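Notes to accompany the following structure.
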There are 2 protein chains.
Amino acid sequence: MEEQSEATGNGINNVQSLREVPIKSSEHAQRNSDEARQYDVNQYERPSVTVDVLMMSLRQRDLQILLIKRRSWPYENMWAIPGGFVNINESLEAAAKRELQEETGVQDVYLEQLYTFGDPGRDPRTRVITVVYFALLDSERLQLRAASDATDVDWFSVYELPQLAFDHQEIIEYALNRLRNKLEYTTIAFNLLPEQFTLRELQWVYEIILHKKLDKRNFRKKIVSTNILEDTGAKKMEGTHRPARLYRFNPAAEHKL
Amino acid sequence: MEEQSEATGNGINNVQSLREVPIKSSEHAQRNSDEARQYDVNQYERPSVTVDVLMMSLRQRDLQILLIKRRSWPYENMWAIPGGFVNINESLEAAAKRELQEETGVQDVYLEQLYTFGDPGRDPRTRVITVVYFALLDSERLQLRAASDATDVDWFSVYELPQLAFDHQEIIEYALNRLRNKLEYTTIAFNLLPEQFTLRELQWVYEIILHKKLDKRNFRKKIVSTNILEDTGAKKMEGTHRPARLYRFNPAAEHKL
DNA sequence: CTAATAGTGTCTCTAAGACATTATAGC
DNA sequence: GCTATAATGTCTTAGAGACACTATTAG
C-alpha cells in the first residue's frame with residue numbers, strides 16, 4: 001500500500017565491492033523488456049540486496065522484537081533489525097530463514113514477506129535494497145535459548161523502542177500495522193502461542209498486539225464460534241483459582257476470522 | 001560455543017559485518033566470525049534488481065493488463081510484464097513510475113508495491129530479484145495514447161491470458177488477489193474510473209474485478225452510506241433510457257468501506 | 001407507446017458490542 | 001471462607017443480503 005522507504009540497513013558494502021562487481025557475460029542477453037535494452041546490465045552498478053528479519057514474540061506479556069546493536073558507523077551504537085546479504089543462489093525466504101536460525105536457533109516458524117525498502121540514501125555507505133520479512137515466534141520454544149550473554153542482541157518492547165538505525169523505526173511501524181490487520185481476519189495469532197494455551201492467553205495475544213482491552217465474553221464467543229479450537233481435555237492450574245481449559249489450534253478448520 | 005557463534009557472531013553482527021565487511025580494517029579485526037568470512041561481499045556476486053509494473057485498467061468492460069512480447073531467449077515470443085533495471089540512484093517507486101511513463105505515457109496514477117519475487121532460477125540467465133508494483137489506470141486518460149503501433153505491446157484480459165514468461169502468471173494471480181481484497185475495504189476502485197462516473201459504472205468496476213454479479217440496490221445502498229460520493233449535478237445521457245447521475249469521488253471523506 | 005436502463009425501500013438474519021453473575025481452585 | 005481467575009448468556013444495534021416495482025429518456 002503505502003510506499004515506504006528502505007530500511008534495513010545494515011551495513012552493506014563498500015565502494016570497493018562495487019567496483020569489483022563481476023560481470024557475467026550471460027547477463028549480456030538480459031532484458032526484461034524493451035526498456036531493459038537501455039539498461040544493459042553491464043554498464044550499470046548493481047545495488048546490494050539484503051534480507052532483514054523482524055522477529056516478534058510475546059515475552060513478559062508484551063510484544064517484543066529482536067534487535068542488534070551496531071558497533072560501527074553508520075548509526076554506531078544504535079539498534080537495528082537483524083539482516084544480511086542474500087546469497088546468489090539462495091531464495092529470499094531461505095535467506096530470511098537463515099537469519100532466523102542464526103539469531104534464534106529456531107526453525108519452522110511463521111515467516112512472511114513484509115515489504116521491500118529501497119530508497120537510495122537510506123544507507124549512507126551504498127545503495128542497499130532490503131527485502132524485509134517478519135517472523136512470529138512462540139515464546140515457549142524461544143525460552144530454550146533465551147539466555148544469550150551477548151550484550152549486543154536483545155529483545156525490546158515494540159512500545160518502548162530504543163533509537164533505531166536507518167529507517168528501521170518505519171519498518172517496525174509497517175510490520176505492526178500488518179500484524180494488527182492480519183490479526184483481525186486470519187489465524188496468524190496462533191503462531192505466537194505454544195501448542196496448548198488457554199483462552200485467556202489467546203486473548204492476551206490480541207490485547208497486546210491491538211494494544212487495547214477486549215471484552216472477555218465477546219472474545220470467547222467469537223473465537224469459539226469459528227470452531228478453530230480443539231479442547232485438549234487438559235487444564236492449566238496455576239495460582240489460587242479455578243483452572244483454565246487448555247486448547248489447541250485446529251488448522252484443519254481453516255476458518256477465517 | 002556454538003551458542004556463542006550463532007548468537008553473537010553470526011547472527012547479527014556478522015551479518016552486519018558482512019555488509020560492512022570490506023573496508024574498514026578496524027571492523028575487520030573486530031568481527032572475524034565464520035560467517036563474515038563466508039559472506040565477504042567482495043567475493044560475492046550481486047543479484048540484479050528489476051522493477052516490474054503490472055498496469056491494470058478497465059477496458060471493454062473487462063479487467064486488462066499491459067504485456068510486452070519478448071523477442072529473444074528466454075521465453076522468446078511469450079508475453080511478459082514490463083519492467084527494467086533499477087538505476088543506482090533511483091528509488092524503487094521512481095523506477096516503477098519511469099516504467100509506467102515509458103509504457104503508457106501517464107503519470108500520477110495509483111501505484112502500489114505488490115511483492116518481491118526473487119527465487120534463484122526464475123530467470124535462467126542470472127539471478128534477478130524483481131520488486132513488483134501494480135498501477136491502476138483509468139481508461140479515459142489511457143485512451144489518449146491507446147493506439148500504440150507496436151505489435152509487441154498489448155492489453156490482455158486477466159481472464160484470458162496468453163502464455164507468460166518467467167513466473168509472471170503467478171505475479172498476476174498475486175496482484176489480482178491483492179486487488180480483490182483491497183476492493184472490499186478501501187476506495188482503491190475509484191482509481192480505475194475517470195473523474196466523473198455513474199453508479200452503474202462503479203458497480204461494473206466491482207463486478208469485473210470480483211468476477212461476480214452484485215445486487216444493484218445493496219451495492220448503491222452501501223456506497224451511498226459511506227458518503228464518499230459527491231453528486232456533480234450532471235447526468236450522463238446515453239442510449240434510449242433514463243439518464244444516470246454523474247458522481248465524483250470525495251477523498252475528503254476518507255471513509256473505509 | 002415501446003424499449004432500455006436508472007433509481008428506490010423493506011424484511012430477515014447474522015455479527016458486534018455492552019454488560020454481571022456463578023464456578024472452582026489454593027490457601 | 002477468602003481470594004483470584006475461569007466460565008457463561010441476553011439484549012441492542014448495525015450491516016449484509018434477498019427481493020420487485022416505478023421513473024425517465026429516445027425513438
Side-chain angles (χ1 to χ4, degrees), chain A residues 61 180-187 189 193-194 196-248 253 255-257, chain B residues 58 60-61 180-187 189 193-194 196-248 253 255-257:
Chain A
R61 234 169 256 183
R180 282 177 178 154
N181 288 331
K182 285 214 157 182
L183 212 58
E184 315 264 18
Y185 65 93
T186 71
T187 56
L193 289 171
Q196 297 194 8
F197 51 86
T198 68
L199 281 175
R200 190 64 188 87
E201 289 165 342
L202 182 60
Q203 190 177 334
W204 274 325
V205 176
Y206 279 80
E207 289 182 338
I208 291 166
I209 295 174
L210 298 178
H211 213 47
K212 67 178 181 191
K213 290 234 173 290
L214 300 176
D215 179 86
K216 190 205 258 193
R217 279 172 294 186
N218 292 338
F219 179 79
R220 294 159 99 99
K221 199 192 336 173
K222 176 172 173 164
I223 296 293
V224 170
S225 76
T226 62
N227 288 319
I228 49 180
L229 292 192
E230 211 175 82
D231 192 335
T232 63
K235 303 207 169 187
K236 181 164 197 168
M237 320 262 197
E238 67 174 359
T240 166
H241 55 80
R242 178 170 176 179
R245 279 180 151 88
L246 279 165
Y247 292 87
R248 159 189 314 125
H255 183 103
K256 295 299 167 212
L257 302 180
Chain B
L58 289 179
Q60 303 151 238
R61 233 168 256 185
R180 283 176 178 156
N181 287 331
K182 287 213 155 181
L183 213 58
E184 314 265 17
Y185 65 92
T186 72
T187 56
L193 289 172
Q196 299 195 7
F197 51 87
T198 68
L199 281 175
R200 191 63 189 91
E201 288 165 344
L202 182 59
Q203 188 176 336
W204 274 325
V205 176
Y206 279 79
E207 290 182 338
I208 290 166
I209 296 175
L210 298 177
H211 213 46
K212 67 178 182 192
K213 290 232 172 294
L214 299 177
D215 180 85
K216 188 204 262 192
R217 278 170 295 185
N218 292 338
F219 179 79
R220 294 160 97 100
K221 197 191 338 171
K222 178 171 172 165
I223 297 292
V224 170
S225 76
T226 61
N227 288 319
I228 49 181
L229 292 192
E230 213 177 82
D231 192 336
T232 63
K235 304 207 169 189
K236 181 166 197 166
M237 322 261 195
E238 67 175 355
T240 166
H241 54 80
R242 179 170 175 177
R245 279 179 150 88
L246 278 165
Y247 293 88
R248 157 188 316 124
H255 183 103
K256 294 299 168 212
L257 302 180

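Fair warning: this is a prediction, and the values are worked out from it, not measured in the lab. By convention in this document, chain letters (A, B, ...) are assigned in the order of the sequence lines, proteins followed by strands, and residues within each chain are numbered from 1.
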**Request:** Look at the side chain of B/Q203 and the backbone N and O of B/L214, then say whether any donor-acceptor pair between them is shorter than 3.5 Å.
**Result:** yes
Please state how far atom [atom1] in [X] lies from atom [atom2] in [N], giving the value in whole angstrom units.
| X | N | atom1 | atom2 | answer |
| --- | --- | --- | --- | --- |
| A/R242 | C/dG26 | CZ | C1' | 15 Å |
| B/L229 | C/dA6 | CG | C1' | 15 Å |
| A/I223 | D/dT8 | CD1 | P | 14 Å |
| B/E238 | C/dT5 | CD | P | 10 Å |
| A/F219 | D/dT8 | CZ | P | 14 Å |
| B/K212 | D/dG17 | NZ | C1' | 11 Å |
| B/D231 | C/dA6 | CG | C1' | 13 Å |
| A/N218 | D/dT8 | CG | P | 14 Å |

**Request:** Could you say whether A/T240 or A/R200 is positioned toward the 5' end of DNA chain D, judged by the nucleotide with the nearest heavy atom to each?
**Result:** A/T240
**Item:** 5'-most by nearest nucleotide on DNA chain C - B/D215 or A/R217
**Value:**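 Comparing both residues, the 5'-ward one is B/D215.
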**Asked** For DNA chain C, whose closest nucleotide is more 5', that of B/L199 or that of B/K221?
**Response** B/L199
What's [X] touching, base or sugar-phosphate or nothing? Going by heavy atoms closer than 4.0 Å.
| X | value |
| --- | --- |
| A/K222 | sugar-phosphate |
| B/R220 | base |
| A/K216 | base |

**Request:** Could you work out which one of D/dT8, C/dG7, C/dT24 sits closest to the side chain of A/R245?
**Result:**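 Comparing D/dT8, C/dG7, C/dT24 against the side chain of A/R245, the answer is D/dT8.
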**Message:** Using the side-chain heavy atoms of B/A244, tell me which of these nucleotides is nearest: C/dA23, C/dG7, C/dA4.
**Reply:** C/dG7
**Presence of salt bridge, A/R200 and A/E207, under 4.0 angstrom** = yes
**Asked** What is the distance from atom CG of B/L199 to atom OH of B/Y247, rounded to the nearest 0.5 Å?
**Response**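 The OH atom of B/Y247 is 4.5 Å from CG of B/L199, to the nearest 0.5 Å.
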**Asked** What about the rings of A/F219 and A/Y206, do their centers lie closer together than 6.0 Å?
**Response**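 For A/F219 and A/Y206, the ring centres are under 6.0 Å apart.
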**Item:** For B/L193 against B/L202, the heavy-atom pair lying closest together
**Value:** CD1-CD1, 3.6 Å
